[in-house]
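A quick write-up on the structure given underneath.
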Number of protein chains: 2
Amino acid sequence: MSRVFWMGSVQHMQMSEGVEWALHSCLNLAWAESGTAVTATKLAAFYGLPAAYLNKQLQALARAGIVASTSGPRGGFRLAKALKDITLMDVVVAIEGPDAAFRCQQILRSGPDADPTVDYRTACVVSQAMSRADLAWRRELAAQTLADIRATVESRSPDTPELTRNRLAAK
Amino acid sequence: MSRVFWMGSVQHMQMSEGVEWALHSCLNLAWAESGTAVTATKLAAFYGLPAAYLNKQLQALARAGIVASTSGPRGGFRLAKALKDITLMDVVVAIEGPDAAFRCQQILRSGPDADPTVDYRTACVVSQAMSRADLAWRRELAAQTLADIRATVESRSPDTPELTRNRLAAK
DNA sequence: GCCTTGCTACTCGGATACTTTCTGTCCGAGTCAATGTGG
DNA sequence: CCACATTGACTCGGACAGAAAGTATCCGAGTAGCAAGGC
């Protein structure tokens, strides 16, 4: 009796959803921009996101030099580079930080035949194998720019640029 | 005044350190095994890990069919497959769960021109791009088996099998 | 002497606390623009 | 009419709570072996 059903794994190792917000916001900035800055509030209203929290993510993009921020009336955010110079990797690093998903804790340090002079982050074979996968991931992210994304979106939905511009221009 | 120094990004999107523990423990099981099971306590003592928590990770490996568990005296864990049939991907999925790192929240659902009939996890261009990177990561993890890891370790440190076996055999 | 039976010690398994990270909110510093005033 | 100081509202920026996940621990269910007792 009382059979136990395994409900499936819980959600592990997920990146912040701020990455998704940041990517879409950058695209919207590219479509909206005609020399004017867009406030975090407007960008958040686009998807019903909490404005203050999106603002936090945009700050991270600003620190990374992806967007530029202006305070005061008529202030807001605008792209600091061309879309073709912004890779997915740039955005992910800006939001999630530069560290690899797999963190080698160097547990071999505590093992029976440990050598204190060795850095197991580079020497440990397990760590090397995991790093290989991380590098493949990063390579793929770095190979795609936001310009590529925009081009694909516009080819599928040609109305998107105008719709977005209008929506952001509206008070 | 009171200049603020940015301390660098905090550590985001890190996978559980249980992955590292699980990988090393599987290798140790392969070296120790001579038909006998090894307890979680012994495996934990190898690196000074909390035994009960390592046990938790080993349970996850057991659910995934990577190791088999036996209760009672002379019980413990032993490999359920050959090392060549265990990929890094298998271990990561067992510990971290099957979900991708990037979770498309389908924020386009809340966008201005949303189509409720569309599943944006597959339709959203941003999601597709992120998935491409995830797939590259998974492909790399699936391409490496624990047998590969063992072979590399043994070629670099030929003493490891015997050292490990002796250490695990010791009371 | 051998079989049966009960017991004890041992191990996994999942339920339970504690810590860190992520998510969300708030208020202050700075800024630009409009407005009113004086020349 | 034009220049300038003042005011005011608006926006980002970082500091401050709440929620969720990761980490660590504990105790119970089950099992295998051992020991004692009976045949």
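So you know, we letter chains A, B, ... as the sequences are listed, proteins then strands, and number each from 1.
- One interatomic measurement links the two molecules: CG of Asn55(A) to P of dG28(C), which rounds to 17 Å at whole-angstrom precision.
- Tyr53(B) places its OH atom 15 Å from the P atom of dT19(C), with the value rounded to the nearest Å.
- OP1 or OP2 of dT23(C) sits under 4.0 Å from a side-chain N or O of Ser16(A).
- In terms of position on DNA chain D, the residue among Gly72(A) and Gly72(B) whose nearest nucleotide sits closer to the 5' end is Gly72(A).
- For Phe77(B), the listed nucleotide lying nearest its side chain is dG13(C); candidates were dT25(C), dG13(C), dG8(D).
- In this structure, the side chain of Asp148(B) engages the main chain of Thr145(B) through a donor-acceptor pair within 3.5 Å.
- Taking every heavy atom of both residues into account, Arg103(B) and Glu17(A) meet most closely at NH2-N, 4.0 Å.
- Using a 4.0 Å heavy-atom cutoff across all strands shown, Thr70(A) reaches sugar-phosphate atoms only and no base atom.
- The side chain of Trp21(A) approaches dG24(C) more closely than any other nucleotide in the set dG24(C), dT11(D), dA32(D).
- Spacing between atom CZ of Arg74(A) and atom P of dG30(C) amounts to 23 Å, rounded to whole angstrom units.
- Atom NZ in Lys56(B) sits about 16 Å away from atom C1' in dT11(C), given to the nearest Å.
- The line from CG of Asp90(B) to CG of Asp85(B) is 9.0 Å long, rounded to the nearest 0.5 Å.
- Across the protein-nucleic acid pair, Gln59(B) atom CD and dT11(C) atom C1' stand 11 Å apart, rounded to whole Å.
- Toward the 5' end of DNA chain C, the nearer of the two residues Pro50(A) and Leu58(B), judged by each one's closest nucleotide, is Leu58(B).
- Straight-line distance from the CD atom of Glu17(A) to the P atom of dA20(D): 12 Å, rounded to whole Å.
- Summarising the geometry, the separation between CD on Glu96(B) and C1' on dG22(D) is reported as 10 Å, rounded to the nearest angstrom.
- Using a 4.0 Å heavy-atom cutoff across all strands shown, Ala62(A) reaches no nucleic acid atom at all.
- Residue Ala37(B) is classed as having no contact, given no heavy-atom separation below 4.0 Å to the nucleic acid.
- Between the CZ atom of Arg103(B) and the P atom of dC22(C) there is a distance of 10 Å, given to the nearest Å.
- The nearest pair of heavy atoms linking Tyr120(A) to Asp115(A) is OH-N, 3.0 Å.
- In this structure, Arg78(B) reaches neither bases nor backbone, as no heavy-atom distance under 4.0 Å exists between it and the strands shown.
- When distances are taken from the side chain of Ala52(A) to each of dT25(C), dG13(C), dG8(D), the shortest belongs to dT25(C).
- Here Ser71(B) does not reach the OP1 or OP2 of dC10(C): none of its side-chain N or O atoms lies under 4.0 Å away.
- Heavy-atom neighbours of Lys84(B) NZ from other residues, nucleotides or ligands within 6.0 Å: at or below the threshold of 12.
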